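Report on the following structure.
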Amino acid sequence: MSGDGGWGMPAAPYRGSWRLAGRFWPTVRDDPADAEAVSHRLSVRAGLVRQLAAGLYTVTPIGLRVIQRVEAIIREEMDRIGAQELLMPVMHPAEIWETTGRYGLAEQFRLEDRGGRRMVLAMTHEEIITWHAARELRSYRDLPQSWYQIQTKLRDEPRPKSGMLRVREFTMKDSYSFDVDEPALERSYEAHAEAYARIFDRAGLAWYRVESDVGMMGGSGAHEYMAPSTAGEDMIARSAAGTYAANVELAVSVAVDPEFGDAPTAPEEFATPGIGTIVELGAFTGLPPARLAKSVVLVADAGPVLAIVRGEHQVHEKKIAYLIGAHRAAHPGEVREWFGADPGSLGPVGVDGSAIRIIADSSLATGHYVTGANRDGVHLRGVVLGRDFVAETADIRTVLAGEEAVDGSGPIELVPVIEIGNIFKLGTKYSEPLGARYLDEHGQEHPIIMGSYGIGPARVAMAAIEQGHDEDGIVWPPGIAPFDVHIVLIGDADSDQGRYADALMTDLSDLGLEVVLDDRPALRPGEKFVEADLLGCPLRVTVGKRTLPDGPLEVRMRRTRETSEIPLDGAAEAIRGLWLGMASH
RNA sequence: CGGGGCGUGGCGCAGUCGGGUAGCGCACCCGGCUGGGGGCCGGGCGGUCGGAGGUUCAAAUCCUCUCGCCCCGACCA
């Protein structure tokens, strides 16, 4: 499911070529002190962005070219599937958000206008677009519709970080589909999935599509588009063959069973003085973690819960939350009151299931385990689920690298990723409360079935930097580079070389390439080369005194650093040929 | 919101422990040399040390409060 480029054709609209002299292009020699992520460091150093405040960035003219190329690709591919661009306000009346119960969310910026009317700043636009749909779409004849916009969104992030990767104000492409029923939604969803594959391929990213969390509110399906990067905040689990891929928030796997040996006919007590952790217990018993059971006490609204996973696993917060709702860890005093022992010696045997809900991870269904005996310093061996204690079984564990994919496609690897997009079957989550309904051919009223689909253009750009850079700077994929060709002029603009470089820029532009000509006066050649490497356009052409009068012209590929020398005669066509060769791989 | 770190010319930093006239590199300005990988020589401009209050003869340095930014965690596109 991953893309490796291709589709490198420059996106419309053609935005022209630049002479660099006099342009605002604030490069930086040193890494900014507060930047950690590669994309953060390089986007600042290459003069693409400047920070205003935490999570608030200004995009420079040259940075904007990249963003606009990403957006142009998005527009082409959205239009191709028949989606229609519109634009909605960033500021909304609070009442609409109250209708769906989303007024007052922590990340929501809220304000009042001069008349004291409560307003919110857009985190997203489901409410607004559904409000319009409710007024305009009445009949099955009006459906399906797909509407999209590229618009500023604001979220009061608790922790902005990593430059443009996690910010409080950002541009997002979001589309919304309106359909008569689930099969129709499925078609809209698949159309978006195809568009997204083309978009991320054209942007030159390596990416995965993974199953994602639909949240506790339901929704019938969702996928996220993930660009692998160590700067990523998310983690996906993926099989070697790639047929299984999911966000770790819902990833499942087949745990690898250890050699259990024969179980004793009944649990046997043994003393474990001073043992309080799985690591200590493993060392003490000489058993691998997979033969130990870890008991975790949680407190949900409905009461205490004993969650049991194997020693090598962790209780997965979200998975357990699906079962028990909001919860917290039990206090030590509560644990002692309910179990008669400290957290280091807990276990399910003998626990009153009517007072304490017991949930065991499904990996415990086979084998026999060492558990706490609910007496300090005492454990039990040979504990068997179903024989020695009763528990609900469910998948409540985190996935571990090396476990088997559930579809049998091999061992799981965990990959850090940047989320660059998502597609989500909303169903009637918004159409119901906002009254978006249509009449079918029999005059029956139904709620409109919706989907929503997002992409963060700046994240696409930052992910491209994360995936494409070297020690000298950015290595843009051809599809979204700020320019296709970077001409380094060594010498004055008013010289034979200068005039040649200018003419070459014109020729290349006429062939459909976007060119930046570094005609800045009084800069050392070395500075121009260094900054060209930093900016990372796919091709660099050097025009200097060696070039004229007879050539050759030196052309260098940024990615491979390969230099080729081409004759002056037909140079523009030859450069275009090189560019096409790069862009199609 | 919990934990940690940092705020000193435009940028990167030293000076803070052990109070005593604010320093370095780069950038910038002027002159010259240079001109294919952030070049060289000479001469300059520029900060009152995030902010407020306090201690002291004296505060970048000590104390209190406060603002901002970064990183880890929790949370999220």
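Quantities reported herein were computed from a predicted structural model and do not represent experimental measurements. Chain identifiers are assigned alphabetically (A, B, ...) following the order of the sequence lines, protein sequences preceding nucleic acid strands; residue numbering begins at 1 within each chain.
Nucleotide C40(B): paired with G32(B) (Watson-Crick or G-U wobble, both distances less than 3.5 Å). The partner of G7(B) is C67(B), by the rule that a Watson-Crick or G-U pair needs both atom distances under 3.5 Å. Across all strands shown, G46(B) has no partner, as no Watson-Crick or G-U wobble contact with both distances under 3.5 Å is found. Remark: G23(B) base-pairs with C13(B). Criterion, Watson-Crick or G-U wobble with two distances under 3.5 Å.
The stretch residues 459-474 of chain A touches RNA chain B through R459(A), each having a heavy atom within less than 4.0 Å of the strand. Near RNA chain B, defined here as any heavy-atom distance below 4.0 Å, the residues from residues 41-50 of chain A are R45(A), listed numerically. Listed in residue order, the members of residues 543-551 of chain A having a heavy atom less than 4.0 Å from RNA chain B are G544(A), K545(A), R546(A), T547(A).
No side-chain donor from either of K545(A) and T547(A) sits under 3.5 Å from a side-chain acceptor of the other.
Comparing A37(A) and D492(A), the nucleotide of RNA chain B nearest to each residue sits closer to the 5' end for D492(A).
With C76(B), C71(B), G36(B) as the candidates, the nucleotide lying closest to the side chain of R166(A) is C76(B). In this structure, the nucleotide among C70(B), G36(B), C76(B) sitting nearest to the side chain of D34(A) is C70(B). Taking every side-chain heavy atom of E36(A) into account, C71(B) is the closest of C71(B), C26(B), G36(B). You'll find that the side chain of S162(A) is closest to C71(B), out of C76(B), C71(B), C70(B).
With hydrogens and angles ignored, a donor-acceptor pair under 3.5 angstrom links the side chain of R524(A) to the base of G39(B).
Contact check on D34(A) versus R41(A) returns no salt bridge, with no Lys/Arg side-chain nitrogen under 4.0 Å from an Asp/Glu carboxylate oxygen. Ion pairing of E126(A) with K429(A) is absent here, as no side-chain N (NZ or NE/NH1/NH2) approaches a carboxylate O to less than 4.0 Å.
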Protein within reach of the bases, or only the backbone? For nucleotides 2-11 of chain B, mark each nucleotide 5' to 3' as B, S or -, using heavy atoms under 4.0 Å.
----------
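Residue contacts for K318(A): at a heavy-atom cut-off of 4.0 Å it reaches the sugar-phosphate backbone alone, with no base atom in range. If you check every strand for non-hydrogen atoms under 4.0 Å, D533(A) touches a base. The residue L523(A) sits close to a base: some heavy atom pair falls under 4.0 Å. Counting non-hydrogen atoms under 4.0 angstrom, Q51(A) reaches the backbone sugars and phosphates but no base. At the heavy-atom level, A53(A) lies under 4.0 Å from the strands shown only through sugar-phosphate atoms. Backbone-only contact: K161(A) has heavy atoms under 4.0 Å from sugar-phosphate atoms and none from a base.
Looking only at distances, no side-chain donor or acceptor of R556(A) sits under 3.5 Å from a matching main-chain atom of T563(A). Looking at K173(A), its side chain never comes within 3.5 Å of a backbone N or O of I74(A) through a donor-acceptor pair.
Whole-Å rounding puts the R561(A) CZ to G37(B) P distance at 15 Å. Between the CG atom of D518(A) and the P atom of G37(B) there is a distance of 15 Å, given to the nearest Å. In this structure, the CD atom of E157(A) is 14 Å from the C1' atom of C1(B), given to the nearest Å. Straight-line distance from the CD1 atom of I490(A) to the P atom of G38(B): 12 Å, rounded to whole Å. The CD-P distance, from E527(A) to C28(B), rounds to 8 Å in whole Å. Between E107(A) atom CD and C76(B) atom P there is a gap of 7 Å when expressed in whole angstrom units. Taking atom CG on N247(A) and atom P on C76(B), their separation rounds to 11 Å, with Å as the unit.
Under the side-chain contact (heavy atoms from CB on, under 4.5 Å) criterion, M88(A) pairs with L86(A), H125(A), I128(A), I129(A), Q149(A), Y176(A), sequence neighbours left out.
Under the 6.0 Å distance and 45° angle rule, R23(A) counts as a cation-pi partner of W18(A).
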Side-chain donor-acceptor distances from residues 159-172 of chain A under 3.5 Å, at least two apart:
unit_1: R166(A); atom_1: NE; unit_2: E157(A); atom_2: OE1; d: 3.0
unit_1: R166(A); atom_1: NH1; unit_2: E233(A); atom_2: OE1; d: 2.8
unit_1: R166(A); atom_1: NH2; unit_2: E157(A); atom_2: OE1; d: 3.3
unit_1: R166(A); atom_1: NH2; unit_2: E157(A); atom_2: OE2; d: 3.1
unit_1: R168(A); atom_1: NE; unit_2: A54(A); atom_2: O; d: 2.9
unit_1: R168(A); atom_1: NH2; unit_2: A54(A); atom_2: O; d: 3.0

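Using cut-offs of 30° and 60° on the angle between ring planes, the pair F200(A) and Y225(A) is tilted.
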